[in-house]
Amino acid sequence: MSDRTKRTAHTGQRLAALLAGFAALVATGTPALAAGAARPGLLTAAPEYPASVTINTVSPSVADQSTGTVTVTGTVTNSGGSAFKSAHAAVRKPSPDGRKSLPLQTRSDLNLVAIRNSPGSADGIDLAAPLDQLGDLAPGQSKSFKLEVPTAKLDLGEAGAYELAVDVWEGNEAAENSHPLGIARTFLPYNTPASPLATNVAALWPITHSPELVAQTMQDAEQTPVLRDDSLTKDLAPGGRLYELVNTGAGLPGLTWMVDPDLLDAVYAMTRNYRVQKPGTQAETATNDNTVPGGGKAVATAWLAALRTAVATAGSQVVALPYADPDLASIAHNGVGLPGMDTALRKAGTVGRLTAEGRLATDVTAGVAWPYDGYLDQAVGQVAQTAGDGVVLVNGMSLPDPASLRYTPNAVRKLGNGLTAVVADPVVSEPFQHDLSTPKDVTAATQRFLAETMTITQQQPQDQRSLLVMPPRELTAATAKALANALTQAQNGKWLQLVKLDTVAQAQPNPQAATNPADYPAGVRASELDGTELGSVMSMQGDLDQLLRILTQPQRVRSPFSAAMLRSMSTAWRADPAAGDDYRAGVKKYLYNLITAVKVPKKSVITLPGDSGTLLVSVKNDLTQAVGNLELRLTSVQPNRLNVGPPETVVLDASTSRTLRFPAEAKVNGTVQMTAQLYTTGPGGGPYGEAVTFNVDVTSVTQGVLYVIGGGVVLMLLAGGRFYLQRKKRAGEPEEDPDAPLEPGPDAAYGASADATDPAAGDEKVGH
């Protein structure tokens, strides 16, 4: 046995003792140990293992019998408080000298390697050569290493995934006190000519972006489109995220392109003349003053042409998401039952398919639901079916397989009621959920993906298997390249083949696979649109319908606003909720501004100098198109004091106003409140906009009215005089009982008339 082998065995005994002690600490719930265990494969700075070791590259990613050398590069950082003396890096081989190594047998074995946090005998035996002498490292200092290992020295036996570990030691290798400072692990798949039946893998390739088109269009003959900003120009240009996604995906026949048709509309708009809103003008009608010319025409034209070519690659499939990719999970949990929601979802599916077909000039698949991050519960499934979707893409965390299942089942599941789930394997997909912007991240994700898919294929080599890989909607360019490379490596190794989503969805389900969703994650729910936000969006439909009734060119408003409402509920706002809030607020305020552009201007007091006359009330149209199907109704709070004529028809050209004349008849002097309200005409008509109240001050009446009042006064005076004379005539007679009723006489009728014509009494009756 060599000195390094003896030293490794000695270290293993020490580690066994340490681990026994650690186990006792875990039983007592030591917080420090629990925190340290959260970083698999990378040691934290600790007295025992102060070196942070990373593996940056493994070349080749897959070894086979023709591979002469495996080259591993990486970095060592002294994360401790004291210097390393004579440090060196070495590769561990999986088995002791003289034995062929065996691959990791199960996916659980792969996971155990990934979560181990300390060097140990399970990591194998250090090779005596090659070594990379790092020398001394001061605290905080880093050095890179490169180890070229002859494949024969690794003693790899059967095909499968092996652990590949690099550790760092301090001191002379022959010294008894030499000890490991840290370790990093990854996986090395080893392939042989006798490959099993390849696993079918569908990989989603999302072409999505947060909504850019707004409800406003320029008021010109071309109805020039308007974008909220020009950020797409950067994304579509070389080096931009969307450019790189298309460029990378074009080299992978068999991808499933997940396309948001709203993005296609935005890019198509950019291929022509378009305008961009200035900051802070989201609610204003678009004009040359509050917009600027867009600058992305050339890159948009080139990108759209490249996308059309890429999706036409043989073996690929285009799935059209519902238009603007509405957030199904938010709607399922907070928007069910809102008026118009079901109709909006069905419309999004139909419009999405037609838009994608038109913009890409290819056949597309519709009826596929992709809830946020693939999380599913019964409510989400029901909303997907309401929207007309028969297939739902699901995160495997929502449908975890039972522990009794000893193999990875096919991705397809039958959930009942005609709904099919295609479930993404969570471990296979997880490495690509983040931005893989560093070499070590790319290598870790690639090697884990290769190891997992090779192991899955070897579980039941006689059966055709199927998997789904689900990256996030906001897939970055770097992560897309890493995923493409991993898929290519696995295809070259012949244990995986890239197929359409339809192929995976139509495979035979495994009866033991889970079909009952787990509890929906509370953390995912926390980012949903709430009921108030969704209700606010859907309430716009009623306001929009009201506006469309009066427009002579409703098509100029209907489509932009219907699309903007769907964009207001886009799943893309999960990544930028503040921008989503601004977008919704801008759409709602702009609609309000359009509705209130046709209005009755506020009025002050109007004087009516007589018992009859004409009230003049104006109606103003600040829209850039004519309006009709309107009438103005003027109503009096006290019609028995002041009455006005019937409603007046309102027809206004663009940007004009008109004064309407209402005949009025007054009964008495004083102030009367009036209400001016626009109404839409025809079946289903109702109030339009806000009512305007004002006062009419009746200052005088005609002679005819005065004669009536004066005649009443004369009659009262005459009746009073007659009563006085009768009292004087009976002055010497005994007084009658004051409570006795008056005897009827020839003047009794005048007494009644006097009450009826009392000016005060008359005012009171008119007032009611």
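Positions are given from 1 along the sequence.
- Between Arg574 and Glu474 no salt bridge is recorded (no basic side-chain N to carboxylate O distance below 4.0 Å).
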| message | Quick one, Val58 with Thr186, criterion side-chain contact (heavy atoms from CB on, under 4.5 Å). Give me CA distance, side-chain angles, the key distance, then yes/no. | response | CA-CA 9 Å; Val58 176; Thr186 188; 4.0 Å; yes
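- No side-chain heavy atom of Val201 sits less than 4.5 Å from a side-chain heavy atom of Val499.
- If you check the side chains of Thr151 and Thr67, you find no donor sitting under 3.5 Å from an acceptor.
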| said: If you apply the rule side-chain hydrogen bond (donor to acceptor under 3.5 Å, both in side chains), what do you find for Asp126 with Trp169, and how did you get there? | reply: CA-CA 10 Å; Asp126 275 330; Trp169 291 73; 2.7 Å; yes
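- Residues Tyr162 and Leu164 form no side-chain contact, since every pair of their non-hydrogen atoms from C-beta on lies 4.5 Å or further apart.
- Counting heavy atoms from C-beta outward, Lys440 and Thr73 have side chains that stay 4.5 Å or more apart.
- Side-chain polar atoms of Asn111 and Ser108 form no donor-acceptor pair below 3.5 angstrom.
- For the atom pair CG (Leu245) and CH2 (Trp257), the distance works out to 8.0 Å, reported to the nearest 0.5 Å.
- Of the inter-residue distances, the one linking Leu475 atom CG with Ile207 atom CD1 reads 8.5 Å to the nearest 0.5 angstrom.
- Side-chain atoms of Thr309 come within 3.5 Å of backbone atoms of Ala305 as a donor-acceptor pair (strictly under, hydrogens ignored).
- You'll find the side chain of Asp123 reaches within 4.5 Å of the side chain of Arg116, heavy atoms only.
- Remark: the backbone N or O of Tyr243 is not paired with any side-chain donor or acceptor of Asn247 at under 3.5 angstrom.
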| message | Could you walk me through whether Val423 and Leu468 satisfy the side-chain contact (heavy atoms from CB on, under 4.5 Å) test, starting with their C-alpha distance in whole Å, then the side-chain angles of each, then the deciding distance to 0.1 Å, before giving a yes or no? | response | CA-CA 6 Å; Val423 181; Leu468 175 67; over 6 Å; no
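- Between Lys146 and Asp132, no side-chain nitrogen of the basic residue sits less than 4.0 Å from a carboxylate oxygen of the acidic one, so the salt-bridge criterion is not met.
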| field | Residues Val72, Thr57; criterion side-chain contact (heavy atoms from CB on, under 4.5 Å); working and verdict | value | CA-CA 6 Å; Val72 184; Thr57 64; over 6 Å; no
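- Here the side chain of Gln141 pairs no donor or acceptor atom with the backbone of Asn78 at under 3.5 angstrom.
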| Trp370/Val392 under side-chain contact (heavy atoms from CB on, under 4.5 Å): CA gap, chis, key distance, verdict | CA-CA 6 Å; Trp370 188 11; Val392 59; over 6 Å; no
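- Atom CD of Gln105 is separated from atom CD of Glu158 by 6.5 Å, given to the nearest 0.5 angstrom.
- Listed for the Asp401 side chain is no donor-acceptor partner under 3.5 Å among the backbone atoms of Ala513.
- In this structure Pro511 satisfies the side chain to side chain contact (heavy atoms under 4.5 Å, CB included) test with no other residue, sequence neighbours excluded.
- In this structure a side-chain-to-backbone donor-acceptor pair under 3.5 Å is present from Arg413 to Ala514.
- Side-chain contact check for Val469 versus Leu483: some heavy-atom pair is nearer than 4.5 Å.
- With sequence neighbours excluded, the residues satisfying side chain to side chain contact (heavy atoms under 4.5 Å, CB included) with Val442 are Leu436, Thr446, Ala482.
- Of all non-hydrogen atoms in Phe84 and Thr77, the two that sit nearest each other are CE1-O, 4.5 Å.
- Using modelled atom types and a 3.5 Å distance limit, the side chains of Thr438 and Asp441 yield a donor-acceptor pair.
- We find that Arg185 and Glu163 are joined by a salt bridge, their nearest charged nitrogen and carboxylate oxygen being less than 4.0 Å apart.
- Contact between Glu244 and Gly239 at its shortest, heavy atoms only, is OE2-N, 3.1 Å.
- For Tyr520, the ring pair (Phe, Tyr, Trp, His ring centres under 6.0 Å) criterion is met by His333, not counting sequence neighbours.
- Residue Asn492 holds its CG atom at 10.5 Å from CG of Asn191, rounded to the nearest 0.5 Å.
- Applying the ring-ring contact (aromatic ring centres under 6.0 Å, His included) test to residues at least two apart or on different chains, the pairs with a partner in residues 449-492 are Phe432-Phe449.
- The backbone N or O of Glu148 lies less than 3.5 Å from no partner atom in the side chain of Thr69, so there is not a single donor-acceptor pair.
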| request: Let me see the working for Asn485 and Thr488 under side-chain hydrogen bond (donor to acceptor under 3.5 Å, both in side chains), right down to the final yes or no. | output: CA-CA 5 Å; Asn485 176 61; Thr488 300; 5.9 Å; no
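- Donor-acceptor pairing under 3.5 Å is recorded for the side chains of Ser95 and Ser101.
- The minimum heavy-atom distance between Pro103 and Ala159, with the atom names listed, is CG-O, 3.6 Å.
- Using modelled atom types and a 3.5 Å distance limit, the side chains of Thr75 and Asn56 yield a donor-acceptor pair.
- Atom CE of Met397 sits about 11.5 Å away from atom OG of Ser429, to the nearest 0.5 Å.
- A 4.5 Å side-chain heavy-atom check between Gln447 and Ser61 finds at least one atom pair inside the cut-off.
- Checking side-chain atoms of Asp435 against main-chain N and O of Thr476 turns up no donor-acceptor pair under 3.5 Å.
- Considering all non-hydrogen atoms of both residues, Leu188 and Leu154 come closest at CD2-CD1, 4.0 Å.
- Panel note: side chain Gln491, backbone Gln497; no donor-acceptor pair is recorded below 3.5 Å.
- Leu263 places a side-chain heavy atom less than 4.5 Å from the side chain of Leu242.
- Considering every non-hydrogen atom in both Tyr49 and Pro180, the closest pair reads CD2-O, 3.6 Å.
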| request: Please step through side-chain hydrogen bond (donor to acceptor under 3.5 Å, both in side chains) for the pair Asp235 and His209, ending with a clear verdict. | output: CA-CA 9 Å; Asp235 273 358; His209 192 277; 3.1 Å; yes
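- With rounding to the nearest 0.5 angstrom, the OG1 atom of Thr453 is 5.5 Å from the CH2 atom of Trp495.
- Looking at heavy atoms from C-beta onward, Thr256 lies in side-chain contact with Val319 at the 4.5 angstrom threshold.
- The side chain to side chain contact (heavy atoms under 4.5 Å, CB included) test applied to Ala451 returns Leu110, Ala161, Phe187, not counting sequence neighbours.
- With sequence neighbours left out, Arg241 forms a salt bridge (Lys or Arg N to Asp or Glu O under 4.0 Å) with no residue at all.
- The shortest non-hydrogen separation linking Asn510 to Asn410 is OD1-N, 2.5 Å.
- Without hydrogens or angle criteria, Gln459 side chain to Thr455 main chain gives no donor-acceptor distance under 3.5 Å.
- A donor-acceptor pair is defined here as one N or O able to donate and one able to accept, closer than 3.5 Å; no such pair exists between the side chain of Asp463 and the backbone of Gln460.
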